[in-house]
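Every chain is numbered from 1, with letters handed out A, B, ... down the list of sequences.
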Protein chains: 4
Amino acid sequence: MVMKKVPSSIKDERLIVKRRDQMIKGAVALFKQKGFHKTTTREIAKASGFSIGTLYEYIRTKEDVLFLVCDYIYEGVKDGMEQAIDTNEKGIPSLKKAIQSYFRLMDDMQDEVVVMYQEVKSLSKDAQDYVLKKEMDMLQMLELVIENSLPTSNSKEDIQLIANNIFVQGQMWGFRRWMLQKQFTLEQYTDRQMHFLFEGLQVTKEA
Amino acid sequence: MVMKKVPSSIKDERLIVKRRDQMIKGAVALFKQKGFHKTTTREIAKASGFSIGTLYEYIRTKEDVLFLVCDYIYEGVKDGMEQAIDTNEKGIPSLKKAIQSYFRLMDDMQDEVVVMYQEVKSLSKDAQDYVLKKEMDMLQMLELVIENSLPTSNSKEDIQLIANNIFVQGQMWGFRRWMLQKQFTLEQYTDRQMHFLFEGLQVTKEA
Amino acid sequence: MVMKKVPSSIKDERLIVKRRDQMIKGAVALFKQKGFHKTTTREIAKASGFSIGTLYEYIRTKEDVLFLVCDYIYEGVKDGMEQAIDTNEKGIPSLKKAIQSYFRLMDDMQDEVVVMYQEVKSLSKDAQDYVLKKEMDMLQMLELVIENSLPTSNSKEDIQLIANNIFVQGQMWGFRRWMLQKQFTLEQYTDRQMHFLFEGLQVTKEA
Amino acid sequence: MVMKKVPSSIKDERLIVKRRDQMIKGAVALFKQKGFHKTTTREIAKASGFSIGTLYEYIRTKEDVLFLVCDYIYEGVKDGMEQAIDTNEKGIPSLKKAIQSYFRLMDDMQDEVVVMYQEVKSLSKDAQDYVLKKEMDMLQMLELVIENSLPTSNSKEDIQLIANNIFVQGQMWGFRRWMLQKQFTLEQYTDRQMHFLFEGLQVTKEA
DNA sequence: CATGAATGAGGTTTCATTCAT
DNA sequence: AATGAATGAAACCTCATTCAT
């Protein structure tokens, strides 16, 4: 699973990890503020704490930096969710727990997530496919939890739709923070979204 | 409605409108395909059907093109919704009608919408504020419809949350088309989303 | 003497003169402020009170405008001096009168003069030669007055040097106004310069 | 003496000095020939012996090149004069020596001086002020020498005027070379100008 | 005669990437 | 392994000039 997606001319694997961590941290801060395109490689190098020459010892192109950021997010979210989800457990509580963990993750990584979704289009087709694949993996994890949690059987499409809704609601928390985080704490937000997810607007009889 | 947001050195107002329409059309096609940054001004000019010199008679900077696109979208969506919403009408059906119209609009303009959200970061702070304001106006329109439609009174926060959800679900249709438009027609999508909006997952008793 | 140095596609001679006067006035104001190169033809047209299209009915190139300015100055100075100089008159007073008139002219036209000398290099070689010729004509007028005024005969070179000095001192008044016009009125300046011209520093015995 | 007026992205101070020397040399040659505006940055780079990218590592804008040239001239002239002037020495000979040195300097740097005065207008207001300040410093040096040299006391204004005259006569030598350098060698020119400076036209009794 | 929209060559500047030290 | 000076393709934008109305 440790695929050498981004080659480096440095041999010391431990150093690679360390330097790339610095890069991701610095790059996300910059991308958040100015976007991928308006950020120069020199700025990334400086924010990472080393020279432009050193930067290019650990990546091949500027795009690699963005890719590294994306990969970091997916790895983080995947780890987090795998840890949160007990595949043996069934029923609504397990779904609720999954949603809570996911939302918490999206809160932790909101900057990275915003950056990633804002800039995927800047990746090469290949890298975009790779990212899309990761996204689908995660959607499937959610679908599985949903399916296992619901008492009654639902159509595959409905389950996918619900998974997409939850997925997007997690991202919303970061993307629309200017609105949502003014009105809700993360707990409140999680609570109300779950409420509506399970209950709906409850007006059908009258409708 | 006559906002002179982007100055032009051309005097003939009618011509400005015409040329800018050409520009928006051409630019959206390009931005969709390669993104704002990878699109050159010369490409925009060519796609618009005139020379680079002429392009710059109608805008000041490349960013102006992006702004024009954003403005065009919001104006389109706002007009569409204002037409679809009958403020006198009350009850669930009026909400349903609003959602349907909104989703249809987002289907029509999916390319533009995707382009816009992908590239807002490239706008100046001022332009971003202007765009944000438009977004809030539209959210408020939705909130109003929701409030007027529901039989029981709901907290302001809940209404805002629902409005955000609907808003984002409309955008999802375009953004996640690789997934959703494979499984659903627009009608099906609208139908199922409204179903879950009103009914929820209906599992509460067992939870 | 009315040489068609700058052709125009307009037939009405009176109109040409009128329009070109407007042009010179407007152009000098702009050149003074921003220099020839940083002034655009559109700005010249606007400052002249007509459209860019009309501007080009009266000139062929932007350089023509500069040439027109130069020509205007020389014509003005030549007329002024011819009027001031009585070729019959001899002796120091006639020289003093010439200097006074010349300095007064340079005061009147200081903006034009500054502009001209700052920008001659922007003229074509041909135009520069034409301007140089005019300059030499004027120098010769001064030389003549000097020669006729001095009681004792002087070498041709000395007379030329004196003429150059006087010529340049007239221009100085405009070029170094930030210094000279703070310390002197035009009358004082003329008076002191003539004083030193005729008396020198008067320290020779001690030297 | 170390004024960081023009920032560079290069760290090696010694290299900055070296490269900028190349630039100034190359730029003056070009400006002399075609003027500042008609010289392209690419030409400057080539004349300096490096690529356009390298040029911009040592300056921020094209204007910086002009500023560097101006600064170089003033520094040169100032150094030359400081060296030539013995502030302890008094009397006419010290003034004569100063004038001689100054004229010789202006002969050495005539190209640079002509370029500079032709193009100051292209500098930013700030840079123009800086240059003007340098000019006034040099004028004050001349004034000091004059005051110390003359046996009888003169009004401050007269001394300033004389300083200006000498200053301008030095520049004349380069600006009006088409006339002066045809009639005089530098030594002759210096000699005759000093003659008239000290003696005047000597015609007052008769006047 | 007057207008102003259209043109496109060409200028300035940026910045990802390389490579000698 | 680390550095940073050098490179040059390519981007954005300006503006003198033309010409149809």
Exercise for the section: Ignoring the backbone of Ile10(B), work out which of dT3(F), dA5(F), dA6(E) is nearest its side chain. Expected result: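 Among the listed nucleotides, the one closest to the side chain of Ile10(B) is dA6(E).
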Handout entry: Pair Lys133(A) + Asp129(A), salt bridge at N-O below 4.0 Å
Key =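 The answer is no: the pair does not qualify as a salt bridge.
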Between atom [atom1] in [X] and atom [atom2] in [N], what is the gap in whole Å?
{"X": "Met23(B)", "N": "dA5(E)", "atom1": "CE", "atom2": "C1'", "answer": "16 Å"}
{"X": "Leu55(A)", "N": "dT3(F)", "atom1": "CG", "atom2": "P", "answer": "11 Å"}
{"X": "Lys34(D)", "N": "dG11(E)", "atom1": "NZ", "atom2": "C1'", "answer": "12 Å"}
{"X": "Lys11(D)", "N": "dA2(F)", "atom1": "NZ", "atom2": "P", "answer": "15 Å"}
{"X": "Arg14(C)", "N": "dC1(E)", "atom1": "CZ", "atom2": "P", "answer": "12 Å"}

Hey, does the side chain of [X] reach the backbone of [Y] with a donor-acceptor pair shorter than 3.5 angstrom?
{"X": "Gln118(D)", "Y": "Lys121(C)", "answer": "no"}
{"X": "Gln22(C)", "Y": "Gly49(C)", "answer": "no"}
{"X": "Ser8(C)", "Y": "Ile10(C)", "answer": "yes"}

For residues 25-35 of chain A, please give each side-chain donor-acceptor pair under 3.5 Å, one per line with the distance, not counting sequence neighbours.
| residue | atom | partner | partner atom | Å |
| --- | --- | --- | --- | --- |
| Lys32(A) | NZ | Asp111(A) | OD2 | 2.7 |
| Lys34(A) | NZ | Glu43(A) | OE1 | 3.2 |
| Lys34(A) | NZ | Glu43(A) | OE2 | 2.6 |

Practice task
Nearest 0.5 Å please: distance from the CG atom of Leu123(B) over to the SG atom of Cys70(B).
Solution key: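 Taking CG in Leu123(B) and SG in Cys70(B), the distance rounds to 5.0 Å.
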Exercise for the section: Would you tell me if any nitrogen or oxygen in the side chain of Tyr58(D) comes within less than 4.0 Å of OP1 or OP2 on dA5(F)? Expected result: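 No, no such contact exists.
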Problem - Below 4.0 Å: OP1/OP2 of dA5(F) and any side-chain N or O of Arg19(D) - result: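 No, Arg19(D) has no side-chain N/O under 4.0 Å of OP1/OP2 on dA5(F).
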Completion exercise
With B for base contact, S for sugar-phosphate-only contact and - for none (protein heavy atoms under 4.0 Å), nucleotides 12-21 of chain E reads BBBBBBB---
Handout entry: Watson-Crick or G-U wobble mate for dT21(E), both contacts under 3.5 Å
Key =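 Result: dA2(F).
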